[in-house]
Every structure is written in structure tokens, then in C-alpha cells.
Amino acid sequence: MRKVRVRFAPSPTGPLHMGGVRTALYNYLFAKKHGGDFLLRIEDTDQTRYVPGAEEYIIEALKWCGIEPNEGVGYGGDCAPYRQSERKPMYKPYAEQLVEKGWAYYAFDTSEDLDNIRKQAELAKMPNWQYNSISRMTMKNSLTMPVDEVQAKIAAGDPYVIRFKMPRNEEVRFQDLIRGWVVFSTNELDDKVLYKSDGMPTYHLANVVDDMTMNISHVIRGEEWLPSAPLHVMLYKAFEWEAPAFAHLPLILKPDGNGKLSKRDGDRLGFPVFPLEWKDPETGAISSGYREKGYFPKAFINMLLLLGWAPGNNQEIFTEQEMIDAFTIERIGKSGSKFDPDKTRWFNQQYLRNTPLPELAQALIPLMQEKGWVKEPSYVEGVCKLMMERAVFVADMLEGHYLFQAPVEYDKDAVAKKWKPGESGALMMEWKSVLETVEDFSHDGIDAAFKGFLQTKSLGMGAVMPLFRLMLTGTLTGPSSMDVAALIGKEEVMKRIDQGVKTLG
Ligand code: GLU
């Protein structure tokens, strides 16, 4: 088998959509699995669609996701440069080689010529006019013009393009690793421009020449490129090169399954579609990103792994090594996968629960600082331990504000329901005097004292616990009061009971 070399080849026309990240991920896993190489090539031949900042965004997004190329823009390598605009001089000789071999020709038709002919075709009720194996013989090109005229035009610097001469009545077939045999008739295909009058190759020529000269063994890309594949296969044939294997990935669909998840869907439907936040350089509009929303990159990647690929058992959480070991192209589904924002949150929750406490604390500390809350790392670990069960994101653990400061207010409904003026205050002061004597101020120590207190007073849990919780947190929700009390410590508990009784009367 050929050495596995795969590439991710985005065009820098905007931020990377999560479908693009998934394509990069599948390429990456496939390369790692087979001890191959994963390249990042930037396909920027269409200068009209170039968006400043997009290339940097792509590189940063892949880094954040941990899908790092071992060759490519920003990484270097034997096939450098990896940015197509910098490879510009390479492409023309290849286009000319095809002209010499009779697989391509020069075309001098202006854009007005082409517009006119399209209009006429529409008037004649023949829309979708194509420059193809039939119409080419009525156009201005090196197949219809005398050789000396063609040469004179080129010498005079007249603008021209080079078009592929798609043969008539041939069948193009190739075996897609996901879809099986794909068959096209060349009669459905037009004579695509390979080389443009601005001296740039088109996507098709540059893509094939680069895949060839970079020794790409497998082309794993989105399904939207499937219609281009027959032309690419024909180009390999024309160049007499061995074609790479192809795998066209199915689409990622909107959550309701109605159509492709597009760049515009994300914020409209309430979730990001981009890995990182993106600020449109023209309008300044912000699109949200998974990183800024607080997702763990590994959770995001794990979610993407299963959005189109299935392991064949019910494993859902994968380490990177497990992903590499389990991944096979054969287990990529043929049909589109619905994106599920709730499942995405679930993945983040699972990762949060599996993060060791010291790491979780380190992630929480900067968020606490934004609120002006300062605590020792060991204390913050205690906070994480209490809050992590209910958290989807690290920032959710800040909901336990009472673990950082005494309550500044008391939930009104809770007070109305539970607090009996003239009675509850006295009961809390009595409980406080019991607590004061507790030596082992841990969850269990406090719990034992609490049970004793209930017994001597002949009271049920429900008569005392909500009041105690109210004193400590100002609310009736959150982790166990014993845990909260043990974490904040005896002195603080004493203060909070005093404060609560004073405030509520
Ligand atoms: N430049 C194309 C893109 O933006 C690459 C398609 C391919 O991988 O061949 O997706």
C-alpha cells in the first residue's frame, strides 16, 4: 500500500465551519492510524473570495482542537510552500502539458461572449447552456481557430483561459471508500476552466496538481466535492498519474434533519457552528465559538467523531488514542448526520466530570478572578467537588457563589415558605450553639450533630434543614448543606447564621 498521506485543504473564505473541523479530524485520525502524514494546504487561488484573518483562524482552530498537521502552512515540510498562491508559477506548465497532449485547449471567449450565448440559449428555451464537447466547436478557441491566429493572440497578450477537453460518450468510474462505485457519463460534464486569465489555476487544476506533487494517497473531503471528483479522475487520467483513493463524507444536518447545517444556522438556532468565535472583518458581526462558550476541545472533538462515524459498539467517550485505534473509513455512514446540541452539551458534561479536581480548579480560578473572588487552590478544588455534578461548563460552578461569599440576599419565595418570624430565628440560634461545640467539622461530624439536634428537639429534617441551608446559601438549591458548611468552615458558618437571623428577624 502507498504510504498514507492525507490533507486538509480549506479555502480561507471565512471561519472554519464545524463540518470542516470534522473533515480535518477524520483525515488526522486516518493518518495517525496508518503511521502516515497529515498536511494542511491552504487553497487560496480564488482571490475574490479571500477573507483576511481566515487562514490564521483555521490554524488556531486546528491547534485548539489538537488536530495538528505535521506538514503544511505554519508547519513547513518537504513539499513547501503549502499555500497555493505561493505555488502559482508551478501550475501553468501542467496546464500547457495538457494542451500539448490534446486534453485541453486555449479559449479566447470574453465574458460578454459567454453572457450573450447564455442569454440566447435561454431565449431559445435551452437554459443551462454549457461550454462542452458539443458547443466548444462553435466557440473561439484553439480547436476552432487556425494555429497561427492562436499563436498571434497569445503573443499579443490577449486574455485566454485553458479549458479541459472533456471527451464525449465516456464513462468515468471510481470507487469511493464510503459510497462504493460512483459512475458518471462524461456527457454530463462540461469543459471546466483549468487556468484562468488572471494567471491563476482554478481549484480543480491546483487541487489535482498539488495532491499529485504532494503525494497524497487518500482524498477525504466533504460530499459537496463529489460532483468535482469525475473531473479530477479524468485529470489524473490525462496526466497519466495514479489517482488517490477518494472518500466523500456525508453532510452534517440541522438538528431537525432539514438540510445542511449552514454557517448561518448556528447562532440563529442557539448554538455555535464554529470552533472559535469569529469577528467578521467587514461587518464586525460576532459569531460564537465552542471555545468561548466553554467547551473542552476534547469534548467537541469527541462529539464530532460520532457525527458521521460509528464504532460498532456503544462506546461514546474516547481518548485520542482510542479514537485513532478505532477509526476506520468503512464505518463512516453514507447518509447525513443530524447535529444534536443537547448531546454536545452532554459530552462536555462527561468530560467535566472526568477532569481531575486540580485541573478543574485551575480552569475555574481565572473565571473567579473576573468576579473578584480569591481562594486557595485547595479550597477551589473543594468547590469543584461540590459543584461538578451539576455543571455542564466550568463556568456553571460559579453558580455556587455562596462558596465564595456570604449570601447578599435571601430567596424571597423560600423565605416566605419556610421562615417563621419569631420562631425560626430562635431555632437557628439554638442549632448554632450545638454547631459551635462540633470538633470534627466535616460532613459526617456536622451530620451526626444535626441528627442529635433533631432528636433532642423531636423535630423532622424538613423543619430545620431548609432554614440552615437558607442561612448558608440564601437559596434552597445546591449541594448538601453539610458539605457547604464543612467547606466554608465553622467560623464562617457561625457568622452566616448570625447574619441570616439578623436579616430575616
Ligand atoms: N479547497 C476545498 C475546500 O475548501 C478543498 C476540497 C478538497 O478537499 O478537495 O473545501
Side-chain angles (χ1 to χ4, degrees), residues 4-31 36-51 53-59 61-62 67 69 71-73 79 81-88 91 164 174 176-179 182 192-194 196 200-236 239 241 243-252 260-263 273-275 278 304 308 329 332:
V4 168
R5 280 176 62 81
V6 292
R7 83 302 191 275
F8 178 51
S11 298
T13 53
L16 192 57
H17 181 265
M18 66 183 174
V21 181
R22 187 191 63 170
T23 301
L25 173 68
Y26 288 6
N27 273 283
Y28 172 86
L29 295 175
F30 186 70
D37 301 318
F38 170 54
L39 286 67
L40 172 64
R41 183 170 75 222
I42 297 290
E43 301 207 326
D44 58 348
T45 53
D46 188 351
Q47 313 240 287
T48 57
R49 295 181 62 216
Y50 179 81
V51 173
E55 183 185 304
E56 291 77 3
Y57 179 99
I58 292 165
I59 295 173
L62 293 182
I67 312 173
E71 260 176 59
V73 174
C79 302
Y82 293 90
R83 198 180 279 117
Q84 287 183 331
S85 57
E86 289 174 37
R87 300 169 70 80
K88 185 175 164 185
Y91 303 111
F164 188 67
F174 63 94
D176 187 280
L177 296 176
I178 298 169
R179 288 147 207 277
V182 178
K192 280 272 184 295
V193 173
L194 301 177
K196 296 182 280 187
M200 275 290 200
T202 56
Y203 154 71
H204 303 291
L205 179 68
N207 187 269
V208 165
V209 167
D210 285 350
D211 281 347
M212 170 59 205
T213 54
M214 294 180 180
N215 237 319
I216 296 302
S217 61
H218 296 73
V219 167
I220 305 170
R221 63 184 170 191
E223 168 176 283
E224 64 273 29
W225 300 103
L226 186 62
S228 303
L231 169 62
H232 296 181
V233 170
M234 290 304 287
L235 280 167
Y236 282 100
F239 281 119
W241 289 337
F246 289 98
H248 289 90
L249 306 174
L251 297 174
I252 297 181
K260 177 180 165 176
L261 182 67
S262 84
K263 292 197 171 187
V273 287
F274 300 123
W278 167 257
L304 286 179
I329 293 185
I332 295 173

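Counting convention: from 1, in listed order, for ligands and their atoms alike.
- Under the 4.0 angstrom criterion for non-hydrogen atoms, Y203 is in contact with ligand 1.
- For the pair R179 and E223, the salt-bridge criterion is met [side-chain N within less than 4.0 Å of a carboxylate O].
- Close contacts between ligand 1 and N207 involve ligand atoms 7 (C), 9 (O) [criterion: under 4.0 Å to a heavy atom].
- Interface of E43 with ligand 1, defined as ligand atoms under 4.0 Å from a residue heavy atom, comprises 1 (N), 2 (C), 5 (C).
- Taking the six-membered ring for Trp and thresholds of 30 and 60 degrees, W278 and Y57 have ring planes more than 60 degrees apart, a perpendicular arrangement.
- Within a 6.0 Å radius of NZ in K263, other residues, nucleotides and ligands contribute more than 12 heavy atoms.
- Going from atom CZ of R22 over to atom CG of N27 covers 11.5 Å, rounded to the nearest 0.5 Å.
- Ranking the protein heavy atoms by distance from atom 5 (C) of ligand 1 puts A9 O, 3.1 Å first.
- The protein atom (non-hydrogen) at minimum distance from atom 8 (O) of ligand 1 is R7 NH1, 2.7 Å.
- Under the salt bridge (Lys or Arg N to Asp or Glu O under 4.0 Å) test applied with R5, the options D210, D37, D211 reduce to a single match, D37.
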